[in-house]
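Note: hydrogens, waters and symmetry copies are ignored here, and every other heavy atom, side chains too, is used. Worth saying up front: this structure is predicted, and the values here are computed from it rather than measured. Letters A, B, ... mirror the listed sequences (proteins, then strands); counts begin at 1.
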Amino acid sequence: MKTCAIHWFRKGLRLHDNPALQAACKVADDVKPVFILDPWFANNANVGVNRWRFLLQTLQNLDENLKKINSRLYIIKGKPADVFPKLFKNWGVSHLTFEEDIEPYALTRDSEIKKLADEHNVKVTSCVSHTLFDPQRIISKNGGKAPLTYQRLQTVLSSLGSPPKPVDSPSECKTKTESDHDKKYGVPSLEDLGKSEKECGPLLFPGGETEALRRLESMMGKKNWVCTFEKPKTAPNSLEPSTTVLSPYLKFGCLSPRMFYYKLQEVYNKAKHTSPPVSLLGQLLWREFYYCVAVDTPNFDKMEGNPVCKQIPWDTNESYLKAWKEGRTGYPFIDAVMTQLRQEGWIHHLARHSVACFLTRGDLWINWEEGMKVFEEYLLDADWSLNAGNWMWLSASAFFHQYFRVYSPIEFGKKTDKDGDNIRKYVPQLSKYPTAYIYEPWKAPLKVQEKAGCIVGKDYPKPIVEHDKIRKKNIERMAQAYNASKTEGGGAKRKSDSSSSQKKKKAKVK
DNA sequence: GGCAGTGTTGACGGA
DNA sequence: GTCCGTCAACACTGC
């Protein structure tokens with residue numbers, strides 16, 4: 001009897017290390033690789049045009065790679081809950097496979113689909129392949145709760161041994177296609193989704209598994225660079241990226257984290273190398289860290305009702321938020337980073353630190369959730385767990401608590417870009433400014449401003465806040481918020497850690 | 001159980 | 001130019 005299996009692509013947009021796809025290929029003699037595209041999503045999701053382009057390129061590449069193993073990708077328009085019952089019936093489906101996804105909306109969606117599959121006598125197989133380990137396994141090994149520090153995660157991981165080895169790409173994936181496949185199931189263009197190529201920035205990081213593997217090989221080829229890599233020492237504002245830029249590929253699953261892990265081990269095995277948390281492996285473990293906390297924490301992407309998140313009385317200030325988002329704060333370093341983000345969809349990790357600190361506890365005192373939403377829209381690598389987790393880190397709302405360490409929007413960038421070349425590129429109004437004033441154009445004498453062809457207050461904004469003053473004020477506000485969370489018992493605080501810390505702080509309050 | 005030490009990536013002012 | 005103390009946190013580990 002012939003069997004038909006659907007492999008449902010969501011993330012995990014690759015053939016290599018895709019255990020769920022492999023399972024489908026093994027069990028069925030007609031495998032339908034499906035990606036469901038909800039047209040509603042194109043207009044309503046918080047996804048910028050650069051990330052749409054990345055996704056469509058990735059799907060195009062996936063289809064091409066599937067062709068090489070006698071298969072095709074089926075793009076189906078609709079909502080999963082509407083689409084699947086029809087597919088189950090029309091194709092006579094007996095098996096459904098997919099990669100597990102821990103994001104809350106995905107968990108809800110998947111449990112609904114599992115129920116539908118059950119009703120249609122379709123057997124469901126799901127596999128963990130988006131992270132090195134199954135986050136639930138780490139959590140149970142840690143006594144049923146997620147590790148809340150990196151160190152703790154490392155301790156738990158050391159008891160788990162190496163992550164599973166990546167599985168091979170299927171050598172064949174038999175799919176019975178129809179002659180009008182392209183018309184019915186082809187990958188849409190940006191224009192089909194109501195977007196335009198013209199809105200996109202320069203194509204610096206094309207989507208797709210093929211490009212992901214090429215990029216991985218090229219990075220791993222720089223053996224000395226890999227072995228000496230220390231994240232804090234890489235430059236946030238170099239004109240060429242100082243890190244791997246593999247994050248967009250990991251986000252969509254064009255690249256398997258386990259593939260990355262084992263390629264890294266091959267390089268490490270032959271030489272002395274740096275270690276987590278600063279090494280390249282360390283970066284992969286940070287990803288694992290945030291996935292674990294995210295899956296174990298209710299309301300992880302919100303301040304309220306989030307047990308790991310400090311409750312801080314942020315201000316609402318639409319005009320500050322808009323100025324930050326659009327790169328009009330009057331601080332050239334901040335504005336350059338935000339412009340690069342909007343135009344290109346990728347900025348260095350430390351650049352993210354700088355602008356996140358500026359928006360929240362450093363200068364503008366705006367809730368980290370607002371910044372998270374802006375990153376979610378523009379970043380090619382926008383990843384729910386990592387995005388929320390890093391915003392809490394930077395705003396000293398969770399994981400990191402030394403709120404008196406405030407990034408300077410003037411001094412920080414100078415360390416790695418003395419001449420302000422990055423500013424000259426992304427804030428071209430300032431390109432003719434003398435180096436002495438490039439980070440603080442408002443300090444330039446009027447004559448210098450005129451000569452550079454850019455008057456501050458007219459052609460480029462004055463600083464929206466005075467950093468030196470606001471920084472001190474905000475540190476005080478943070479101290480107050482921290483104090484309040486102690487005396488109130490932290491509101492949504494975890495039960496387990498309230499007893500010991502409670503006593504100490506009572507003594508300290510007065 | 002209590003206490004001391006420690007942790008991915010700051011800035012500033014004075015010696 | 002470099003080094004060092006200040007600003008004054010929390011969660012977890014190890015003794």
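The phosphate of dA11(B) has neither OP1 nor OP2 within less than 4.0 Å of any side-chain N or O from Lys472(A).
A gap of 22 Å separates the P atoms of dG7(B) and dA8(C), to the nearest Å. Separating the C1' atom of dG1(B) from that of dG14(C) is a span of 13 Å, rounded to the nearest Å. Nucleotides dG5(B) and dG5(C) place their P atoms 15 Å apart, quoted to the nearest Å.
Look at Trp286(A) and the base of dT8(B); the rings stack, centres closer than 5.5 Å and planes less than 30° apart.
Taking atom CZ of Phe400(A) as the reference point, atom P of dT8(B) lies 12 Å away to the nearest angstrom. The nearest whole Å value for the distance from the CD atom in Glu288(A) to the P atom in dT8(B) is 17 Å. Computed from coordinates, the His401(A) NE2 to dG10(B) C1' distance equals 17 Å when rounded to whole Å. Distance CD (Glu230(A)) to P (dT8(B)): 13 Å, rounded to an integer number of Å. Note: CG (Asn483(A)) to P (dA8(C)) measures 11 Å, nearest angstrom. Going from atom CG of Asn142(A) over to atom C1' of dA11(C) covers 12 Å, rounded to whole Å. The CZ-C1' distance, from Phe404(A) to dT6(C), rounds to 9 Å in whole Å. As a whole-Å value, the separation of Lys414(A) NZ from dG10(B) C1' is 15 Å.
The listed nucleotides are dT9(B), dA11(B), dT13(C); the one nearest the side chain of Arg152(A) is dT13(C). Relative to the side chain of Thr149(A), the nucleotides dC12(C), dA9(C), dA11(B) differ in distance, and dC12(C) lies closest.
In this structure, Asp383(A) and Tyr290(A) have side chains that are not in contact, with every pair of non-hydrogen atoms separated by 4.5 Å or more.
Using Watson-Crick or G-U wobble geometry with both donor-acceptor distances under 3.5 Å, dT9(B) finds no partner in any strand shown. The nucleotide dA8(C) finds no pairing partner, because no Watson-Crick or G-U wobble arrangement with both distances shorter than 3.5 Å includes it.
Salt bridge absent: Lys141(A) and Asp134(A) never bring a charged side-chain N and a carboxylate O closer than 4.0 Å. A salt bridge links Glu377(A) with Lys325(A); the closest basic N to acidic carboxylate O contact falls under 4.0 Å.
Aromatic ring pairs are classed by plane angle as parallel below 30°, tilted from 30° to 60° and perpendicular above 60°; the pair Tyr439(A) and Phe333(A) is tilted. Below 30°, between 30° and 60°, or above 60°: for Phe54(A) and Phe252(A) the angle between ring planes is below 30°, a parallel geometry.
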